[in-house]
There are 2 protein chains.
Amino acid sequence: MVAIRRDYDEASYLHAFWKNYPPEKRGRAPVGDQFPWIEVGEHALGSKVIDFLEGYQPRDVGLPTGPDQRYVVSSNDILGITNGITASAWLFIDIKSVGPRDDFSHTVMSHNQISGDGIWNSPAEGISNSILTATGKRTSHPFHCSIPPLYVLSDGTVAPVIMMAIKPVYKMLSLQEGIGESGQPLSKVSLITIPNGIPLTVSPNYLKQHPSLLFPGKDDKGKDPLKVRARISFELLSKIADWRVRTTTLA
Amino acid sequence: MVAIRRDYDEASYLHAFWKNYPPEKRGRAPVGDQFPWIEVGEHALGSKVIDFLEGYQPRDVGLPTGPDQRYVVSSNDILGITNGITASAWLFIDIKSVGPRDDFSHTVMSHNQISGDGIWNSPAEGISNSILTATGKRTSHPFHCSIPPLYVLSDGTVAPVIMMAIKPVYKMLSLQEGIGESGQPLSKVSLITIPNGIPLTVSPNYLKQHPSLLFPGKDDKGKDPLKVRARISFELLSKIADWRVRTTTLA
DNA sequence: ATCGCCTAATAGGCGAT
DNA sequence: ATCGCCTAATAGGCGAT
């Protein structure tokens with residue numbers, strides 16, 4: 001965590017090196033006091049994921065779609081946890097940065113970032129997933145999650161998908177030279193573990209128990225319904241199991 | 001290279017797992033026989049970059065803009081190469097995938113992927129770069145490279161920028177079940193080393209020696225001139241030094 | 001051969017109601 | 001409090017000339 005924070009906060013320190021070419025303000029009505037900080041989180045946190053996978057033989061196997069980070073991991077631990085079914089898993093991890101004005105207890109997931117039930121009627125058809133519903137208080141919409149619950153690799157490795165999100169939240173401070181916090185330093189990080197498609201939608205079917213676990217996302221209404229994102233509720237994830245939402249707030 | 005190829009080609013093998021949710025055809029007039037393969041290269045090759053940096057203490061320091069992969073590396077080797085000036089460098093690396101119909105001896109670089117001369121008149125102004133020209137045979141355009149030639153980190157580390165591109169080229173074969181190549185397997189990989197902003201534009205000023213080292217990019221004419229990309233010529237890079245373009249063709 | 005037309009996918013800030 | 005309006009940045013396939 002020390003190294004993460006150091007590398008994250010360095011981006012603000014380096015302001016003089018990018019201030020004349022900053023990422024442009026975007027979205028509906030930017031206030032103008034914020035810098036898009038997506039890459040800072042993806043790099044300072046994202047590239048450290050692999051450090052935690054020592055001993056798990058991480059392999060970044062090719063796939064044309066999916067989240068930021070993905071590693072096939074293998075270990076005897078996994079063989080134990082799965083009661084001998086498989087020694088591997090495919091860790092799917094996305095970094096989801098937000099600032100203080102967008103720090104709600106949810107995050108937005110694309111259809112390529114959630115696994116489903118994985119229906120496979122015939123080899124020729126390939127795998128598809130049942131369509132889910134993002135259930136809101138005022139409205140609802142279909143959610144076409146596109147990731148299978150597990151993959152079988154060419155070498156026979158059976159890799160169930162484990163979907164995680166890492167959510168750094170940054171502060172917005174004034175930029176000042178010299179010592180101490182300034183710019184957009186790291187404030188806290190949440191580690192979110194989202195149920196795999198089978199527990200999510202088949203058994204125990206968490207989505208049935210908690211229909212608004214997925215709720216309407218951030219896309220505009222004109223977006224292709226097949227690609228519409230959904231928000232996932234941290235409160236409901238915690239209710240399913242408290243370890244699914246872990247937050248570290250920095251001193 | 002064996003591991004890279006294996007992880008790259010696995011994407012085609014896994015076709016049944018993504019065929020119902022493929023990345024959509026895009027661009028001007030897609031023929032329809034190709035799958036966008038960007039992520040395959042970024043993962044199967046990109047995540048292996050760090051494996052080559054063992055012993056160089058790679059640090060993925062935060063920055064709001066820049067290329068795919070970036071690592072501050074440190075080693076006594078570097079201290080030797082730079083005649084004792086610094087023991088560090090900031091490796092900037094982009095993966096630039098193309099298929100057989102777009103396999104030309106150049107690649108397209110954004111303004112956030114080329115370093116410049118780094119003018120710094122006063123601390124308050126920050127660093128900026130002289131505007132370059134992408135010189136074509138029929139036309140030319142300004143290129144506002146945005147990366148400084150070097151960074152000075154908060155701990156005093158002086159890190160000159162080393163800009164590289166890794167260019168995987170895939171084949172387009174029919175998708176067939178079972179053994180052997182199918183889908184979009186890796187065909188060759190080029191490793192491109194682009195001069196840092198100082199040699200590029202100050203001394204020896206390669207761009208002056210070879211004005212069309214940078215030539216017009218792929219953006220439409222309406223694009224903000226500050227953000228317009230440029231192509232970089234592999235022929236001219238080779239002329240500067242043959243080690244700047246290294247290609248491995250797979251058997 | 002040159003160069004730029006053209007669009008998918010990602011992302012999250014922040015307003016409208 | 002809910003939800004969706006809104007836009008930057010990346011990327012490279014492939015046509016037009």
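Keep in mind that this is a model prediction, so the values were computed, not measured. Sequence lines set the chain letters: A, B, ... in the order given, protein chains first and strands last, and positions in each chain run from 1. Basis for what follows: all heavy atoms, side chains included, without hydrogens, waters or symmetry-related copies.
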J.: What are the two closest non-hydrogen atoms of B:Pro58 and B:Leu53, and how far apart are they?
T.: CD-O, 3.5 Å
J.: Looking at A:Arg244 and A:Pro195, what are the two nearest heavy atoms and their distance?
T.: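 Closest pair (atom of A:Arg244, atom of A:Pro195, distance): NH1-N, 3.3 Å.
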J.: Kindly assign one of parallel, tilted or perpendicular to the pair A:Trp37 and A:Tyr8, based on the angle between their ring planes and the thresholds 30° and 60°.
T.: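 A:Trp37 and A:Tyr8: perpendicular rings.
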J.: Applying a 4.0 Å non-hydrogen cut-off, can you work out what B:Thr107 is touching in the nucleic acid: base, sugar-phosphate, or nothing?
T.: nothing
J.: Which dot-bracket notation, 5' to 3', represents the base pairing of DNA chain D when pairs are defined as Watson-Crick or G-U with both distances under 3.5 Å, crossing pairs as [ ], and inter-strand pairs as |?
T.: ||||||||.||||||||
J.: Could you list where the contact with chain B starts and ends along DNA chain C, reading 5' to 3', using a 4.0 Å heavy-atom cut-off?
T.: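 Nucleotide range in contact with chain B: C:dT2 to C:dA9.
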J.: Which residue, A:Thr247, A:Thr107, A:Thr249, A:Thr248, forms the side chain to side chain donor-acceptor pair (under 3.5 Å) with A:Ser190?
T.: A:Thr247
J.: Can you label the angle between the A:Phe35 ring and the A:His15 ring as parallel, tilted or perpendicular, going by 30° and 60°?
T.: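 Aromatic pair A:Phe35/A:His15 classed tilted.
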J.: Base, sugar-phosphate or nothing for B:Ser97? Non-hydrogen atoms, less than 4.0 Å.
T.: sugar-phosphate
J.: Between B:Gly217 and B:Pro22, which residue's closest nucleotide on DNA chain C lies nearer the 5′ terminus?
T.: B:Gly217
J.: Want to settle it: does A:Arg138 or A:Asp33 sit nearer the 5' end of DNA chain C, counting the closest nucleotide to each?
T.: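 The residue closer to the strand's 5' end, by nearest nucleotide, is A:Asp33.
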J.: How would you label the contact of B:Val108 with the nucleic acid (heavy atoms, under 4.0 Å): base, sugar-phosphate, or nothing?
T.: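 Counting heavy atoms under 4.0 Å across all strands, no contact is made by B:Val108.
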J.: With heavy atoms under 4.0 Å as the rule, sort A:Asp94 into base, sugar-phosphate or nothing.
T.: sugar-phosphate
J.: Considering every strand and a 4.0 Å limit on heavy-atom distances, what is the contact class for B:Lys221: base, sugar-phosphate, or nothing?
T.: sugar-phosphate
J.: When the nearest nucleotide of DNA chain D is assigned to A:Pro216 and to B:Lys96 on a heavy-atom basis, which residue is associated with the more 5' position?
T.: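 Upstream on the strand: A:Pro216.
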J.: One thing to verify: whether B:Arg28 and B:Asp220 come together as a salt bridge, which I'm taking to mean a side-chain N less than 4.0 angstrom from a carboxylate O.
T.: no
J.: Measuring centre to centre across the rings, with the benzene-like ring taken for any Trp, is B:Phe215 within less than 6.0 Å of B:His106?
T.: yes
J.: Base, sugar-phosphate, or nothing: which does B:Thr65 touch, judged by heavy atoms less than 4.0 Å apart?
T.: nothing
J.: Run the numbers on B:Ile147 and B:Phe92 for side chain to side chain contact (heavy atoms under 4.5 Å, CB included), then give the verdict.
T.: CA-CA 10 Å; B:Ile147 302 297; B:Phe92 277 37; 3.8 Å; yes
J.: For B:Tyr170, which contact category applies under a 4.0 Å heavy-atom criterion: base, sugar-phosphate, or nothing?
T.: sugar-phosphate
J.: Please name the pair of heavy atoms, one in A:Leu173 and one in A:Pro185, separated by the smallest distance, quoted to 0.1 Å.
T.: CD1-CG, 3.7 Å
